[in-house]
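In what follows, a single structure is set out as structure tokens and then discussed.
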Amino acid sequence: RRDKKEPQEKAKLPPGSMGWPFTGETLQLYSQDPNVFFAAKQKRYGEIFKTHILGCPCVMLASPEAARFVLVTEAHLFKPTYPKSKERLIGPSALFFHQGDYHTRLRKLVQGSLSLDAIRNMVEGIEATAASALETWGGGHVVNVFSEMKKFSFEVGILAIFGHLDAHYREELKRNYCTVDKGYNSFPTKIPGTPYKNAVQARKRLTKILSDIICERKEKKSLEKDLLGFLLNSKDEKREILTDDQIADNIIGVLFAARDTTASVMTWIVKYLHDNPKLLEAVKAEQKAIGRANNENNQPLSWSQTRSMPISYKGVLLLEWLTVGNHGFTQVVLETLRMASIISFTFREAVADVEYKGYLIPKGWKVMPLFRNIHHNPEFFSEPQRFDPSRFEVAPKPNTFMPFGSGVHACPGNELAKLEMLIMIHHLVGSGGIPKWDSVQSIPSAYARTPSQILEIIFQLESRRIYWSYFNQDAIPFSKL
Ligand code: HEM
């Protein structure tokens, strides 16, 4: 017999609409601008509401307290959840699918390899990567900023994972990773020749390439401080090492988490700088001064130029990063992270019936903290649709700014992401004189669109991808929706 105090009997489901049978509100979400969908819901129902999307009943949470409840204070009641088809492509042992001891163990290793001490040695490598990427942008031809930034962030990911890696391995990894990426959001099927099946096959090839790399590294017996080194040297309390599959899954997982996210933010930075010419001039002046000083002394960008004077705002991971010469630019990055909110929300699944503020979140339901709604709430960020970097002259209220998530699954790559964005944009705005800003912006007139519109279009599609990539869409053909 049920205890009368059990949440099922006390609490009621949150307000909201479950939409039509089976499709729920999926069609509404994807026929509307997702921003409008969420904002309208929040206006109508408040900070917590239910809906039904892509075959899953969901509770959406749009307040900082609720996000904290799910991601931090009661994180043990909410497990990560991804569609099986996607887990298969990344690799089921990747840390972000896990909870508990295995997650903690892997997280320590990933965090160790991406710590400030580790990434400070990467400045030179990232700078060389940025310089050679930007050299290919010159010559007045059109570049798709997002796809170029993806190439750059992939290379930086490789650097963090393997340190130096032979060119033939790099090319093979890139080629097969791109095939996996193409199939990631396609309908999962075993039919040969389909993007999903191609992706599964490319993923198998990736395992083989990685196992060759691992084998070579083991033979060398070198103690590298990159992610592969951390993974290879790890022993648990029973002195067991990680299997090659566990290592491979986590390498692909980190590449996956690192590439499109960082590239998206850099693309948005380019767009916002383009749309705000005065700001661009200020950032240019700031970065050129750093560049000039270095050129005079024949010095590369130094670690202390990329950071120093850390000021910490309680509870906000990111804001520890404010640099003497980079004030203006730092605020541009923060404001870009807020405006673009490229990870608009995340997913968890309730592992038990949970009660929040008198509402029931039933076991098995998806739970979605809505970062974007929080970042666009005028209560926390006045005139939220305005791009205004100076708002970050003061710290945001606690828990209102979570571009890198929060709690046990918060982004361990945030410092590396910030470092590579800084280095890339430092060079892009012209310090080393490598790219001409104009050549970055030129577009074919046939499109009859401004560069920023193109970026918006490219990005609108891509940001949907991020939405989609978190949904349990196994049951529904993506192309039909
Ligand atoms: C600007 C770029 C980036 C943004 C906005 C970003 C954002 C995020 C967010 C919001 C999460 C938490 C997701 C959740 O709670 O469900 C996350 C997790 C993660 N990120 Fe990032 N990320 C970025 C770059 C990177 C980079 C460069 C790396 C690695 C080199 C990385 C590695 C990871 C990993 C491994 C996780 C999973 C952590 C775990 O489950 O414990 N990210 N990221």
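Indexing begins at 1, ligand by ligand and atom by atom, following the structure's order. Because the structure is a prediction, the values reported are computed rather than measured.
Atoms of ligand 1 lying under 4.0 Å from at least one heavy atom of Gly405, given by number and element, are 10 (C). Close contacts of ligand 1 with Phe96, meaning ligand atoms under 4.0 Å from a residue heavy atom, involve 37 (C), 40 (O). Numbered from 1 in the order shown, with element, the atoms of ligand 1 that lie under 4.0 Å from a heavy atom of Val265 read 1 (C). The Pro403 neighbourhood of ligand 1 comprises atoms 5 (C), 7 (C), 10 (C), with distances under 4.0 Å to a heavy atom of that residue. Shown in contact with Val408 at under 4.0 Å from a heavy atom are these atoms of ligand 1, numbered in order with element: 41 (O). Numbered from 1 in the order shown, with element, the atoms of ligand 1 that lie under 4.0 Å from a heavy atom of Arg107 read 38 (C), 39 (C), 41 (O). Those atoms of ligand 1 with a heavy atom of Ala417 less than 4.0 angstrom away are 1 (C), 2 (C), 24 (C). Listed by atom number, the atoms of ligand 1 under 4.0 Å from Thr261 heavy atoms are 2 (C), 3 (C), 4 (C), 23 (C), 24 (C).
Residue pairs meeting the salt bridge (Lys or Arg N to Asp or Glu O under 4.0 Å) criterion with at least one member in residues 151-171, sequence neighbours excluded, are Glu148-Lys151, Glu155-Arg170, Glu155-Lys174, Glu171-Lys174.
Here the shortest heavy-atom distance to atom 41 (O) of ligand 1, taken over His103, Met266, His98, belongs to His103. The option from Leu114, Thr346, Leu95 that lies nearest to atom 14 (C) of ligand 1, judged by heavy atoms, is Thr346. Scanning Ala75, Pro412, Cys411 for the heavy atom closest to atom 36 (C) of ligand 1 points to Pro412.
When each of Ile251, Leu165, Ile247 is checked for a side-chain contact (heavy atoms from CB on, under 4.5 Å) with Ile213, only Leu165 meets the rule.
Residue-level proximity to ligand 1 for Leu416 is carried by the side chain, the only part with a heavy atom below 4.0 angstrom. Only side-chain heavy atoms of Arg348 come within less than 4.0 Å of ligand 1; its backbone N, CA, C and O stay farther off.
Because its NZ or CZ atom is both nearer than 6.0 Å to the ring centre of Phe381 and within 45° of the ring axis, Arg338 counts as a cation-pi partner of that residue.
A side-chain donor-acceptor contact under 3.5 Å links Gln99 and His409.
No side-chain heavy atom of Lys363 sits less than 4.5 Å from a side-chain heavy atom of Glu349. Using a 4.5 Å heavy-atom threshold, the side chains of Ser341 and Phe371 count as separate.
In this view, Val408 and Ala75, His103 satisfy the side chain to side chain contact (heavy atoms under 4.5 Å, CB included) rule, not counting sequence neighbours.
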Apply side-chain contact (heavy atoms from CB on, under 4.5 Å) to Ile269 and Val333, showing your working. CA-CA 7 Å; Ile269 294 174; Val333 174; 4.0 Å; yes
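Classification of Lys235 and Glu240 as a salt-bridged pair fails, no side-chain N sitting under 4.0 Å from a carboxylate O.
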